[in-house]
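Nothing here was measured: the structure is a model prediction, and the numbers come from that model. Per chain, numbering begins at 1; letters A, B, ... match sequence-line order.
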There are 2 protein chains.
Amino acid sequence: MKKILYIEDEPYLARIVKDTLTLKGYQVLHKKDGSALLDAINSFAPDICLLDVMLPEVDGFTLARHIRNINAGIPIIFLTAKTQTEDLVKGFSAGGTDYLKKPFSMEELIVRIDNQLKIMGKDAGALQTLPDEVALKQFRFYPGRFELHAPAGVIKLSNRESQILAMLCAHLNTPVDRRELLKTVWGDDSFFNSRNLDVYIRKLRGYFTGAEGIEIVTLKGQGYHFVVA
Amino acid sequence: MKKILYIEDEPYLARIVKDTLTLKGYQVLHKKDGSALLDAINSFAPDICLLDVMLPEVDGFTLARHIRNINAGIPIIFLTAKTQTEDLVKGFSAGGTDYLKKPFSMEELIVRIDNQLKIMGKDAGALQTLPDEVALKQFRFYPGRFELHAPAGVIKLSNRESQILAMLCAHLNTPVDRRELLKTVWGDDSFFNSRNLDVYIRKLRGYFTGAEGIEIVTLKGQGYHFVVA
DNA sequence: ATTGATTAACGTTATTTAACGTTTTATGGT
DNA sequence: ACCATAAAACGTTAAATAACGTTAATCAAT
């Protein structure tokens, strides 16, 4: 059964969409806004995301970017009344894979959901996704369970530790912008001058000490680069 | 340049679409119907197909199936006045990857074309790919690990050192423009008057001192030439 | 009370800047 | 052509800066 993460602030519409999709056999998790989004992604592990664009606090485009940061492969459909081409561009460049204009028919939504699941499900090779279990040489990371299985034993990760490690894993062997990390994990980059992130990087490094071929490399002025080779 | 195969029987619309896309830098092959379709696919080798649905002889859905039979990965966008959900379903189950209702704006078409190209992984990434290991005589450079393995031992490279060495390796035994180096590593060439790059070149030269047959040659006014012979 | 998250204070290092030296290339008069 | 001189470009070194690392203390939420 396919799992759908659905973010929409308008209660009446949300109700209709959720009920219809549920009736059609999807498992739907509905949220009114993007708070605790990363937790939802990791624990609920949706197959596809439906995002309203105009939301009270953080808009849907921004949410899409955060989702992309920890999962490069998941389909994201925007549902919005914004019909300007400019918004369409924003949507796709934020990592969206389809864009549906309100008002839409439930039939069309379902068809487009199925289509996205079909085409994104194909060559997962080019599009890296963050699965339930991430193999990191002799380690295993379970993002949804907040657990890092080391040779020595199981390390229970905190929320933040897990989020940051998930982000590093999503960008395995490629750079991650420090700002992106801060924005994705903390919601904004007002912590840019804070040493908070460094503290967590240190903790994560601690878990991997002595592990040959696993390293979190600092790219000064840019971010981090999780090397597993 | 991306190649588009466009099948549309209505001459006026076809003209507008073809001209606009050509102006936008795509290479467009327009056909009035699906005859000799497979030849067109094979010889023209398009990156994406735009198919009208209602065509005189064979309809677009059928054409899509034929295309899918010989190419599982190419994106197919339907352009049609048929707005019934049923047609949408037909389109996607025929192997279509997007479905655009007439009348559509050229802007939206372009955005959706680019999006499909991106999703299907045909997007020309500007990432220069070096192999995991670059052999430089008695040295070995691991760009992904920020490591230079010298006879004396492993040298841990900094971000900048690694970037510059990677760039030199990408142009091994051929010249590299100084400006290009600056732009690639620092994002722009505003450092053109700075001695910053020279400092790093010196560091790299330091790692290779005494190594017979390895040299970073200065091409004054042009750039550098990484000689390994 | 215990755990996780954040802040603060100070240590460390990659990167940049600055100052000056060296080498190559261009220029100009004879 | 010749040489002198200037100009441009790069080399070298050390100091300054900005960015990150580390540790412990504090805060906040069960």
Check your understanding: Considering only side-chain heavy atoms of Val199(B), which listed nucleotide, dT6(C), dC20(D), dT16(C), is closest?
Key -> dT16(C)
Check your understanding: Checking all strands, does Lys203(B) fall into the base, sugar-phosphate, or nothing category for heavy-atom contacts under 4.0 angstrom?
Key -> base
Revision key, fill the gap. Which of Tyr142(A), Tyr207(A), Phe141(A) passes ring-ring contact (aromatic ring centres under 6.0 Å, His included) with His149(A)? Answer is Tyr142(A)
Review point. Any idea which of dT12(D), dA5(C), dC20(D) is nearest the Asp198(B) side chain?
Key: dT12(D)
Check your understanding: Are Glu107(B) and Arg112(B) close enough for a salt bridge, meaning some N to O gap below 4.0 Å?
Key -> no
Point to revise | Carboxylate-amine/guanidinium proximity below 4.0 Å for Glu133(B) and Arg145(B) | key: no
Practice item. Round to the nearest Å and state the distance from Arg205(B) atom CZ to dT12(D) atom C1'. Key: 11 Å
Practice item. Output yes when at least one side-chain N/O atom of Trp186(A) is less than 4.0 Å from OP1 or OP2 of dA5(C), else no. Key: no
**Study point:** Value in whole Å for how far the P atom of dG21(D) lies from OH of Tyr200(A)
**Key:** 15 Å
Point to revise | dT16(C) phosphate, OP1 or OP2, under 4.0 Å from Arg160(B) side-chain N/O | key: yes
Check your understanding: Does a side-chain N-to-carboxylate-O contact under 4.0 Å join Glu161(B) and Lys156(B)?
Key -> no
**Study point:** Proximity to the side chain of Ser158(B) - top-ranked nucleotide from dT12(D), dA14(C), dT6(C)
**Key:** dA14(C)
Practice item. Please determine if a side-chain N or O atom of Arg195(A) lies less than 4.0 Å away from the OP1 or OP2 oxygen of dT23(D). Key: no
Revision key, fill the gap. When rounded to the nearest 0.5 Å, the distance separating OG1 of Thr20(A) from CD1 of Ile110(A) is 7.0 Å
Practice item. Verify the distance criterion only: is there a donor paired with an acceptor across the side chains of Thr22(B) and Asp19(B) at less than 3.5 Å? Key: no
Exercise for review: Rounded off to whole Å, could you give me the CG-to-C1' distance for the Leu157(B) and dT13(C) pair?
Suggested key: 15 Å
Review point. In whole angstrom, what separates Leu182(A)'s CG from dA19(D)'s C1'?
Key: 13 Å
Practice item. State whether Arg202(B) places a side-chain N or O below 4.0 Å from either non-bridging phosphate oxygen (OP1 or OP2) of dT12(D). Key: yes
Review point. In whole angstrom, what separates Arg178(A)'s CZ from dG21(D)'s P?
Key: 7 Å
Study note, to complete from the structure: In whole angstroms, the gap separating P of dG4(C) from CD1 of Ile164(A) amounts to 14 Å
Review point. In residues 206-225 of chain A, which ones come under 4.0 Å of DNA chain D, going by heavy atoms?
Key: Thr218(A), Lys220(A), Gly221(A), Tyr224(A)
Practice item. For this output row, return yes or no: ring centroids of Tyr224(A) and His171(A) closer than 6.0 angstrom. Key: no
Check your understanding: Whole Å only: how far is the CG atom of Leu197(A) from the P atom of dT7(C)?
Key -> 13 Å
Check your understanding: Over how many whole Å does the gap from Leu204(B) atom CG to dA14(C) atom P extend?
Key -> 14 Å
